[in-house]
Amino acid sequence: MSHNRVKVTLDPHTAHPFLFLSEDQRSVFWESEWQRFPSTEERFDIRCCVLGREEFRYGRHCWRVVNWEKRGRFCSWAVGVARASLKRKGKITMCPEEGVWAVKYCEGQFMSLTWPRIRLHLSPVPTKIWVCLDCTQQQVSFINADNGVEIFTFTAASFNGESIRPWFWLGMNAQLFLMDSIV
């Protein structure tokens with residue numbers, strides 16, 4: 001990978017109240033207990049999303065995400081990037097037209113968050129994923145960090161000159177970890 005490997009941290013000001021962030025802001029898990037946070041313009045209120053603190057406009061960057069199913073097989077999550085201006089209030093459609101480029105895992109199945117969705121047939125299902133952002137080429141790629149196989153690539157992503165941030169969505173029983181990308 002010729003991308004700049006970056007350390008991503010989660011932005012607690014954007015986290016939906018069902019999402020619990022670790023003290024070091026490097027992992028997040030979904031819990032059915034609503035946290036009392038002030039409702040600000042930054043915070044997601046319907047979708048269980050959180051953004052990374054980092055913003056990218058130029059260059060090539062990548063970071064590694066590890067998923068862990070907390071309780072049983074009924075687990076769903078998505079990882080990718082989003083425009084910094086992504087709508088955070090009300091229902092958002094998770095797709096490039098709305099400013100989200102991501103892949104989603106739901107109960108054993110992977111799919112691209114394109115419209116329409118594309119089912120991705122992966123064997124084995126990855127547990128570690130490189131998210132690779134190329135601002136110059138306007139591409140977002142997802143690579144299985146265990147074996148180096150490409151999962152999916154968005155080409156000609158319309159960033160519209162905006163800053164791009166790491167983006168995460170968690171459903172029931174999901175937990176995601178941000179790994180140091182130095183190794």
Side-chain angles (χ1 to χ4, degrees), residues 6-56 63-96 98-113 115 117 119-120 122 124-131 133 140 142 144-146 151 163-181:
V6 295
K7 181 177 180 178
V8 169
T9 54
L10 302 167
D11 183 348
H13 297 98
T14 65
H16 183 279
F18 280 159
L19 300 182
F20 287 74
L21 276 56
S22 63
E23 195 172 308
D24 66 359
Q25 297 169 351
R26 303 273 289 145
S27 67
V28 56
F29 68 93
W30 182 94
E31 189 61 63
S32 60
E33 176 185 326
W34 187 274
Q35 299 176 87
R36 295 189 188 274
F37 288 136
S39 178
T40 65
E41 288 302 310
E42 293 179 273
R43 189 172 308 285
F44 289 96
D45 67 349
I46 301 288
R47 293 276 190 191
C48 291
C49 300
V50 62
L51 294 173
R53 288 182 186 261
E54 295 70 22
E55 292 191 30
F56 306 104
W63 52 93
R64 191 167 38 169
V65 182
V66 176
N67 78 77
W68 180 67
E69 293 182 27
K70 229 174 119 178
R71 294 181 296 271
R73 66 185 187 123
F74 299 106
C75 180
S76 56
W77 50 267
V79 298
V81 300
R83 286 189 196 116
S85 66
L86 177 67
K87 177 180 156 186
R88 303 190 196 159
K89 300 300 179 195
K91 186 170 181 186
I92 61 170
T93 303
M94 300 183 297
C95 65
E98 295 294 322
V100 174
W101 294 268
V103 292
K104 180 180 177 182
Y105 171 85
C106 185
E107 298 181 21
Q109 300 296 320
F110 255 94
M111 67 189 77
S112 67
L113 290 184
W115 197 256
R117 305 290 192 231
R119 189 171 172 193
L120 306 171
L122 304 173
V125 172
T127 58
K128 297 178 194 138
I129 296 175
W130 284 105
V131 179
L133 169 65
V140 184
F142 302 90
N144 183 331
D146 290 322
I151 296 168
S163 292
I164 302 299
R165 295 175 71 176
W167 174 89
F168 309 88
W169 171 84
L170 283 82
M172 286 179 45
N173 303 324
Q175 184 164 6
L176 297 175
F177 297 92
L178 292 159
M179 299 292 292
D180 283 333
S181 299

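Numbers here simply count residues along the sequence, with the first being 1.
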Residues forming a ring pair (Phe, Tyr, Trp, His ring centres under 6.0 Å) with F44, sequence neighbours excluded:
none

Please determine whether ring pair (Phe, Tyr, Trp, His ring centres under 6.0 Å) holds for the pair W77 and F110, giving the CA-CA distance in whole Å, both sets of side-chain angles, and the decisive distance to 0.1 Å.
CA-CA 10 Å; W77 50 267; F110 255 94; 5.7 Å; yes

F37 six-ring centre to R43 NZ/CZ under 6.0 Å and within 45° of normal
yes

Just by distance, with hydrogens left out, do D146 and T127 show a side-chain donor and acceptor under 3.5 Å apart?
yes

Can you tell me how far the CD atom of E42 sits from the CG atom of L51, to the nearest 0.5 Å?
9.5 Å

Taking atom types as modelled, is there a side-chain donor on E107 or S76 under 3.5 Å from an acceptor on the other?
no

Does a donor on one side chain and an acceptor on the other come within less than 3.5 Å for E55 and S163?
yes

Are any of the side-chain heavy atoms of V103 and V79 separated by less than 4.5 Å?
yes

Across all chains, not counting sequence neighbours, the side chain to side chain donor-acceptor pair (under 3.5 Å) partners of R119 are Q109

Begin from the C-alpha positions of W130 and F142 and carry the test ring pair (Phe, Tyr, Trp, His ring centres under 6.0 Å) through to its verdict.
CA-CA 6 Å; W130 284 105; F142 302 90; over 10 Å; no

Just jot down the salt bridge (charged side-chain N to carboxylate O under 4.0 Å, His left out) partners of R88, sequence neighbours excluded, or say none.
none

Can you tell me how the ring of F29 sits relative to the ring of F20, calling it parallel under 30°, perpendicular over 60° and tilted otherwise?
parallel

Kindly indicate whether a cation-pi arrangement holds for K7 with W63, taking the cut-offs as under 6.0 Å to the six-membered ring centre and within 45° of the axis.
no

Using 4.0 Å as the upper bound for N to carboxylate O, is an ion pair formed by R53 and D11?
no

